[in-house]
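We count ligands from 1, going down the list as the structure has it; atoms in each ligand are counted the same way.
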Amino acid sequence: MTDSIDELREDALRALEEIRDDDALRVWRSQFLGRRGAVGKLFGAIGSMPQDERAAYGQGVNALQRELDAAYTEREALIQSQMLARDLEEGEIDISLPAHPQRRGGLHPATRTHREFQTIWADMGFQVYHSRDVEADDFNFTLLNLPPHHPARDMQDTFYTKDSRVLLRTHTSPGQIRAMREFGDGGTKPIRVILPGMCYRQEQVTARSEIQFTQVEGLAIGRNIRMSDLKGTIAEFAKRMYHPEAKVRFRASYFPFTEPSMEVDVECFLCGGEGCRVCKYTGWLEIAGSGMVHPTVLRNGGYDPNVWSGFAFGMGPERITMLKHGIQDIRYFWGNDLRFLQQF
Ligand code: DAH
């Protein structure tokens, strides 16, 4: 029986060498390697062989199949390169024609700024933690010191799911509780983390407000963290993000999850603080909400507020992207209009 394997090998390879074009190549393939081809027939013969010859024979046919497959691939490549050479010679391919333009995709401008923020914070030693978009009401509000009837809940009109305890997060702050519980090791370890991601609010969509936007939240917990740490850290971020000599200022404010709370402004990077239309002639642009983590929030994260302290901040990259590129209307961001997107 091995004779028939050798014979077939010889026949097949000889026939293959004479093939000059694609059509003949296809015929050869079905004749030898197709389902009803010659190699298949050899496989079919296994059944009628004595038991003790089957294994060796089967291996022989397998080897033949692999060999013919490889020879086929090699021949195919050769024929194709010869055809190409012929076409070029006969002028059927005009290599002076301009190539088809390649369309390149790009990152969304909001994604770019978002990533720029992340890179800077990561370089400054903050771990990047992606918390969830679909949140429990408790994490979005209650554990952040916004109890069910707290008036500050009105600031954020919320998309709830059918279950009124489950919602789309209205800010990245609930990630603070998750990060503390996940990395704090029962309130025994310091944390330095940023929480970037999409947020959702049920708002009237206008040129200035959208129902979805990104935020970058920051959280640092340690034994001796003070307000000067918060100020220094944000000032350093502003230098890296906006301008090596960017100035920042802090204004007293209120957030339920921080005490004291502050809003952070950076000197307008469009007019250098002189005053222009964009900064409404104040010379300053608001870039963040921030403050010292409220003792209740520390406790909800598993930390003892008598021993541990921390600062937190929340920033919105979209506004910066709009200012940077002179985008007048936030609705362009998620409208998916290629005429807008292709400009970046
Ligand atoms: N979560 C706030 C918002 O969406 C922003 C914020 C303010 C976050 C102060 C903070 C903070 O971590 O300390 O408006």
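Checking only distances, F255 never comes within under 3.5 Å of ligand 1, N or O to N or O. Considering backbone and side-chain N/O atoms, G218 never comes within less than 3.5 Å of an N/O atom of ligand 1. At least one N or O atom of H171, backbone or side chain, sits closer than 3.5 Å to an N or O atom of ligand 1.
For the pair I330 and M322, the tightest heavy-atom approach, listed with the atom from each and the gap, is N-CE, 3.5 Å.
Between F32 and Y72, the gap from one ring centroid to the other reaches at least 6.0 Å.
Near A312, meaning under 4.0 Å from one of its heavy atoms, ligand 1 places the atoms 12 (O), 13 (O). Close approach to G291 involves these atoms of ligand 1, each under 4.0 Å from a residue heavy atom: 13 (O). Close contacts of ligand 1 with Q176, meaning ligand atoms under 4.0 Å from a residue heavy atom, involve 12 (O). Below 4.0 Å from some heavy atom of S173 lie the following atoms of ligand 1, by number and element: 1 (N), 8 (C). Counting the atoms of ligand 1 from 1 in the order shown, those under 4.0 Å from a heavy atom of T258 are 13 (O). Close contacts of ligand 1 with E217, meaning ligand atoms under 4.0 Å from a residue heavy atom, involve 8 (C), 10 (C), 12 (O). The distance from ligand 1 to the heavy atoms of Q215 drops below 4.0 Å at these ligand atoms: 3 (C), 4 (O).
Checked for salt-bridge contact, E236 and R240 meet the test: a charged N lies under 4.0 Å from a carboxylate O. With respect to R169 and E217, no salt bridge is recorded, no charged nitrogen being found less than 4.0 Å from a carboxylate O. For E135 and R178, the salt-bridge test passes: some basic side-chain N is under 4.0 Å from an acidic carboxylate O. At a threshold of 4.0 Å, the pair R14-E10 counts as salt-bridged, since one of the basic side-chain nitrogens sits closer than that to a carboxylate oxygen. Contact check on R9 versus D6 returns a salt bridge, with a Lys/Arg side-chain nitrogen under 4.0 Å from an Asp/Glu carboxylate oxygen.
Between the choices A288, G289, G310, G175, the shortest heavy-atom distance to atom 11 (C) of ligand 1 belongs to G289.
Ring geometry for Y332 against F340 counts as parallel: the plane angle stays under 30°, on a 0 to 90° scale with 60° as the upper cut. In this structure, F117 and Y242 have perpendicular ring planes: the angle between them is above 60°, well past the 30° mark.
Of the heavy atoms in S290, only backbone atoms (N, CA, C, O) come closer than 4.0 Å to ligand 1.
Between R201 and ligand 1 there is a heavy-atom distance shorter than 4.0 Å. Not a single heavy atom of F311 sits under 4.0 Å from any atom of ligand 1.
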